[in-house]
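The basis for the numbers below is simple: all heavy atoms, side chains too, and nothing from hydrogens, waters or symmetry mates. Note that the numbering runs from 1 along the sequence shown for the chain.
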Amino acid sequence: MMELFEDLIKYGTTWIHLLKNHLKVFKLEAKLAQLSFFRFCIALVIISNLLLTTWLSIIFILSYEIFFHTSSLLITGLFVFIVNLILLCTIIIYAMNQIKNMQFQTSRKAMLLLARKRINHADKPFEKTNSSTQ
């Protein structure tokens with residue numbers, strides 16, 4: 001009966017350590033996310049300014065060429081709309097991938113693996129070793 005209580009105590013302390021480690025990882029992830037988010041926002045503003053000016057120039061030139069060949073304002077407007085829609089979808093997919101990468105999935109996987117090892121180790125009874133000579 002005493003062994004059962006000792007095993008329950010070991011199991012409880014293992015879970016307490018596990019919760020503490022999860023809390024530590026969560027705090028570190030929050031700090032890293034703040035740093036990553038700030039850099040991401042700065043890069044996003046700089047890149048968006050450069051891309052906006054380049055994109056407006058390219059669209060203006062292409063729409064002028066299409067209007068020159070077709071002489072139809074409707075076809076030119078549809079072309080610009082479709083090209084902008086394709087670019088928007090591409091940017092949304094890229095941003096979703098960036099947000100997914102900011103979630104630190106590898107550290108969570110490593111933490112879960114470490115927690116499983118600790119739980120499996122806590123389930124095994126401790127063997128008493130006799131260091132004295134026989």
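- No option in Asn84, Ile92, Ile86 other than Ile92 meets the side-chain contact (heavy atoms from CB on, under 4.5 Å) test with Leu88.
- The CD1 atom of Ile61 sits 8.5 Å away from the CD atom of Glu65 when rounded to the nearest 0.5 Å.
- Smallest separation of non-hydrogen atoms from Val80 and Ser63: CG2-CB, 3.8 Å.
- Between Ser72 and Ile75 the shortest heavy-atom distance is OG-N, 3.4 Å.
- Note on Ile91 and Val83: same hydrophobic cluster, where clusters join Ile, Leu, Val, Met, Phe, Trp and Tyr whose side-chain heavy atoms are under 4.5 Å apart, directly or indirectly.
- Checked against Asn49 for a side-chain contact (heavy atoms from CB on, under 4.5 Å), the options Leu51, Val45, Thr53 give a single hit: Val45.
- Both Leu87 and Leu62 are members of a single hydrophobic cluster when ILVMFWY side chains are connected at heavy-atom separations under 4.5 Å.
- Proximity of Ile59 to Trp55: side-chain heavy atoms (C-beta onward) are separated by under 4.5 Å at one or more points.
- Leu78 CG to Thr70 OG1: the interatomic distance, rounded to the nearest 0.5 Å, is 10.5 Å.
- Taking NZ of Lys24 as the start and NE2 of His17 as the end, the distance is 9.5 Å to the nearest 0.5 Å.
- Both Ile66 and Ile58 are assigned to one and the same hydrophobic cluster, defined by single-linkage of ILVMFWY side chains at heavy-atom distances under 4.5 Å.
- The shortest side-chain heavy-atom distance between Asn97 and Ile93 falls under the 4.5 Å cut-off.
- Expressed to the nearest 0.5 Å, how far OG1 of Thr54 lies from CD1 of Ile47 amounts to 11.5 Å.
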